[in-house]
Every structure is written in structure tokens, then in C-alpha cells.
2 protein chains.
Amino acid sequence: MKENTGKSKYVILGMLARMPLTGYTIKKWLENEYSHFWQESYGQIYPTLKILVAQGLAVCSDKGEHGNGRGQIVYSITDAGRKELSEWMREKPEIEKLRYEILLKISFGENTESEVLIGHLDDFIRRNEDLIKEMKDCMENFSQLMGEGIDCTYSRLTALCGEYVYSAMKDWAEEAKKIIIEKGES
Amino acid sequence: MKENTGKSKYVILGMLARMPLTGYTIKKWLENEYSHFWQESYGQIYPTLKILVAQGLAVCSDKGEHGNGRGQIVYSITDAGRKELSEWMREKPEIEKLRYEILLKISFGENTESEVLIGHLDDFIRRNEDLIKEMKDCMENFSQLMGEGIDCTYSRLTALCGEYVYSAMKDWAEEAKKIIIEKGES
DNA sequence: TGATTTATATATCAATATGATATATCATTA
DNA sequence: TAATGATATATCATATTGATATATAAATCA
């Protein structure tokens, strides 16, 4: 079993801190709510869950115990797990490592026609428009829940970040298009 | 030798398309000019360079041939390499996968004190201010080069993206701080 | 009713990527 | 001249992804 010094451990602990979950529901929840700023694969989730249990940070039900007959294993956080999570929360977040393929292609722009770059930027603008809409819908949904007395301040904050960043990306791409078109005309 | 279907291959080709480089200079150049949106490690660069040669996409000098006696191996792109790069340039860029630890910590905010979150946000604001300054300096530098007749449109565009995104991040963090403080007061 | 498709669920693995480290030479500085 | 730092190649354990295998249950449909 690997040491697992990465972040997967804490992501899963953070999710388990809200409610008991199966590996599958962790994956689905990540895809729906976290995918804009975090990803985990099954290849990380299942081994990490076992490590959490081995380290006493989580406990698991027997296969099928709470189950619907499909052999599901439900994991719950322990007090030690909450302590570990709380300690990690205090640590300074690491500088993010990104891989923006569109920026790579723009920076290598001299190796293709400007039409190709503009095509990529158009796709990018459209995608960011969709994402902005998604974030706004999300915000509205959270606002409604807040009205009903359900506190989702922190989830709302991550959606707000999405709105800000995707808007900036869209604005940049539109400006970039203009600059590339100008360059072509000169 | 691995298949290497990832992106490292194209990043290196894109850099070699400008000038012949050693593995070391590729790494340093990436750190200086690309690190805001792309990273590669030595563990990727050196094996990938060998694969590029094996696939006829690059050629290398003998150890020390052009060298200063330090055994450097200089890699140059071939016509086949330029063709491969050009084909990749046309492909739609993949959706970026990000890992923003600060957003993860904000979204798990209920597991710590609001002072901890505000501390992280303050650090984040300061870092983004530095980055905005760095991007602006970079832009100015490129503008000067443009004045001297050196075309660096594409590098300027990536710096512009940095300016937009880091500004958005800073604005978000300031708004997030306000919301967290408000929540604490209510 | 039975057949097909979709969703739930665990699990593994090859390929990819990171981060740290080992080794050695040359250049600069104290 | 000894120490430090920059240049340079290389490897490895760990981390991570993306795809796939396997199986059951639920929903849809003919």
C-alpha cells in the first residue's frame, strides 16, 4: 500500500465530514460539485478509502451491510479523521499547478494559421459562456437554499469564483481574438 | 520505452520549433515563461526527448559536440517534427484539469475557524497582486520588443491572460473575505 | 413478461506526471 | 584554493489519470 501523501486523502475526509459516503458517491459528487477546481479518479478514491480506514481516520460498513444488495461499502469519518482534516485546513494551500492547453497553443501560434487559433478561441468563448451561466444558476440555487435557512455560504463562494474566473477567461479570449485579427491585417 | 501519448511531446516540439535546446534549457524556459499555465518535470522531459529522436521528430547532437565540456545534448526539430506539431495545433484543446487547493479549503470551510480562511485568502490576495504586477511588467517588456520590430504577439497574449485571470482571482478573494466576515457577524 | 439499457458499485492497471534526488562539470566568488 | 552556485543529464518512488472489467439493481420498453 502506497504512502499517499497527496491531497486525495483530505478531499475525501472533507466530503466524509458532511456525511457518510461510498466511493462511487464520492466520485459522482466530485464530478458534479468540485470538478471546476478539483478532480479525483477511482484509481485514487478506492485505495485512499482503504488507507483512511487503516489509519483510523474513517470506518467502513461491511460489504452490503447498509446496502441495497449491490455490495456497497459506506465510509464514515472518525474523530481522528476530523482532527486530521482540521489540521490540514490550517496549512497554507499549495500553489496551484495548471495545464491550460489553449494557452500553450496560443503561445505556439506561429506554427499554425490564425484561423486555427481563432477557431480555438471561439470554442473557448462559447464554453466559458456556458460555464458562466452554469455558475450563475448555481449561485441562484444556493441563494434560494439560504432563504430556506440552509447555510451554503462556502459552496456559494466557490461558484462565485467560477463566475469571476470564467468571465475573465471569456473577456481575455475576445481581446485575444481582436489582437490576432489585427495582426493578420497589418 | 513508454508510448507517450500525453502532451509533453508537443510542448517540447513547440519549444524546439523556435530554437535548438537542451533538456535543461527546456526546463528553465518552462519555469520562466510557461509555469503560469504549464509545467513539465525532468522525469518527463528527458525520456520524451529520447522518444522524439526515436520517432524522427527531433535530432540530437552527440554528447558534448556543441558543448562547453559539460556533456550537453542539443536537440533540434525535424521537418517531421514540425508537421506533427502543426497537426496537433489544429486539434481542439482539451478541457483543462485544475487543482485549486484554496477553493477546496474554502468549500470545506465549516471544518475550521473563519480566521483561518481569511488568512488563506489574504495570502492568496497578496500572491495574486504580485502575479498581476509580474504580468504587467512582462507585457511592458513585450511591448518594448514589439517597438524594436520583434514580434512577440503570442507571448504577449498569454501574459494578458494572466493579467485577466489573476485580477479576477484577487477580486473574488476580496469579495469572499467580505462574505465570510459578514457571516461571522450575523 | 422478458429483454435491453442505464445507473450503481467496486476494483485494477498501464500510461502519464511529479518531486526529489544522485552525479558530475564548470564558473564564480570568498 | 575551497566553497558555492549554475549547468546538465538521469533516475525513481510516489501520485494520478483514464480506461476498462465485472456485477447487480433499476428503469425503460417491446
Side-chain angles (χ1 to χ4, degrees), chain A residues 1-12 20-32 34-35 37-53 58 60-75 94-101 104, chain B residues 1-12 20-32 34-35 37-53 58 60-75 94-101 104:
Chain A
M1 204 173 280
K2 306 284 175 64
E3 184 57 30
N4 203 285
T5 53
K7 300 289 150 63
S8 309
K9 180 172 159 176
Y10 302 105
V11 181
I12 294 175
L21 295 162
T22 68
Y24 183 78
T25 48
I26 286 170
K27 175 73 170 141
K28 291 297 140 187
W29 193 9
L30 277 164
E31 280 170 8
N32 290 327
Y34 295 83
S35 62
F37 57 88
W38 204 272
Q39 300 84 37
E40 293 288 343
S41 63
Y42 285 127
Q44 284 293 106
I45 293 167
Y46 284 109
T48 303
L49 282 168
K50 285 181 183 170
I51 291 167
L52 289 179
V53 173
C60 67
S61 69
D62 285 342
K63 223 175 183 176
E65 184 188 301
H66 297 89
N68 51 12
R70 243 174 300 180
Q72 66 178 1
I73 305 166
V74 181
Y75 291 84
E94 257 176 43
I95 291 172
E96 42 283 342
K97 303 278 153 73
L98 323 170
R99 278 187 152 197
Y100 268 92
E101 194 174 331
L104 210 51
Chain B
M1 204 175 280
K2 306 284 176 61
E3 184 58 29
N4 205 286
T5 52
K7 301 287 149 65
S8 310
K9 179 172 160 176
Y10 302 105
V11 182
I12 295 175
L21 295 163
T22 68
Y24 184 77
T25 48
I26 287 170
K27 174 72 170 141
K28 291 297 138 186
W29 192 10
L30 277 164
E31 280 171 8
N32 289 327
Y34 296 82
S35 62
F37 57 88
W38 204 272
Q39 302 83 37
E40 293 286 346
S41 63
Y42 286 126
Q44 285 292 106
I45 293 167
Y46 284 109
T48 303
L49 281 168
K50 287 181 182 170
I51 291 167
L52 289 179
V53 172
C60 67
S61 70
D62 285 343
K63 220 175 184 177
E65 185 189 298
H66 297 89
N68 50 14
R70 242 172 301 180
Q72 65 177 2
I73 305 165
V74 181
Y75 291 83
E94 257 176 44
I95 291 173
E96 43 282 343
K97 303 277 153 72
L98 323 170
R99 278 187 151 197
Y100 268 93
E101 194 175 330
L104 209 52

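We name chains A, B, ... by the order of the sequence lines, and we start the count at 1 in each one. Values in this document were obtained by computation on a predicted structure and should not be read as measured data.
- A/L21 has its CG atom 10 Å from the P atom of C/dT10, to the nearest Å.
- As rounded to whole Å, 10 Å separates atom C1' of C/dT16 from atom CD of B/E40.
- Summarising the geometry, the separation between CG on A/L49 and P on C/dA9 is reported as 13 Å, rounded to the nearest angstrom.
- Using a 4.5 Å heavy-atom cutoff, the side chains of A/W38 and A/V11 are in contact.
- Of the candidate nucleotides C/dA9, C/dA11, D/dT9, C/dA9 has the atom lying nearest to any side-chain atom of A/Y24.
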Test salt bridge (charged side-chain N to carboxylate O under 4.0 Å, His left out) applied to A/K7 and A/E94, step by step: CA-CA 10 Å; A/K7 300 289 150 63; A/E94 257 176 43; 3.1 Å; yes
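- Residues forming a ring-ring contact (aromatic ring centres under 6.0 Å, His included) with A/Y24 (at least two apart in sequence, or on another chain): none.
- Of the side-chain N and O atoms in A/S8, one or more sit less than 4.0 angstrom from OP1 or OP2 of D/dT16.
- Counting only heavy atoms from C-beta outward, the side chains of B/L104 and A/F37 approach each other to under 4.5 Å.
- When all heavy atoms of A/V74 and A/P20 are compared, the pair lying nearest together is CG1-CB, 3.7 Å.
- Atom C1' of nucleotide C/dG19 and atom OH of B/Y46 are separated by 15 Å, given to the nearest angstrom.
- D/dA23 atom C1' lies 14 Å from atom CD of A/Q72, rounded to whole Å.
- C/dT16 atom P lies 13 Å from atom CD1 of B/I12, rounded to whole Å.
- If you find the closest nucleotide of DNA chain D to B/R99 and to B/K28, the one lying nearer the 5' end belongs to B/K28.
- Counting heavy atoms from C-beta outward, B/I26 and B/I12 have side chains that approach closer than 4.5 Å.
- Taking atom NZ on A/K7 and atom P on D/dT17, their separation rounds to 13 Å, with Å as the unit.
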Please tabulate the protein-to-nucleotide N/O contacts below 3.5 Å involving nucleotides 18-21 of chain D, giving atom names and distances.
from: D/dG18; atom 1: OP1; to: B/K97; atom 2: NZ; distance (Å): 3.4

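- Partners of B/K28 under the side-chain hydrogen bond (donor to acceptor under 3.5 Å, both in side chains) rule, at least two apart in sequence or in another chain, are B/E31.
- Atom CG of A/L30 is separated from atom C1' of D/dT16 by 14 Å (rounded to the nearest Å).
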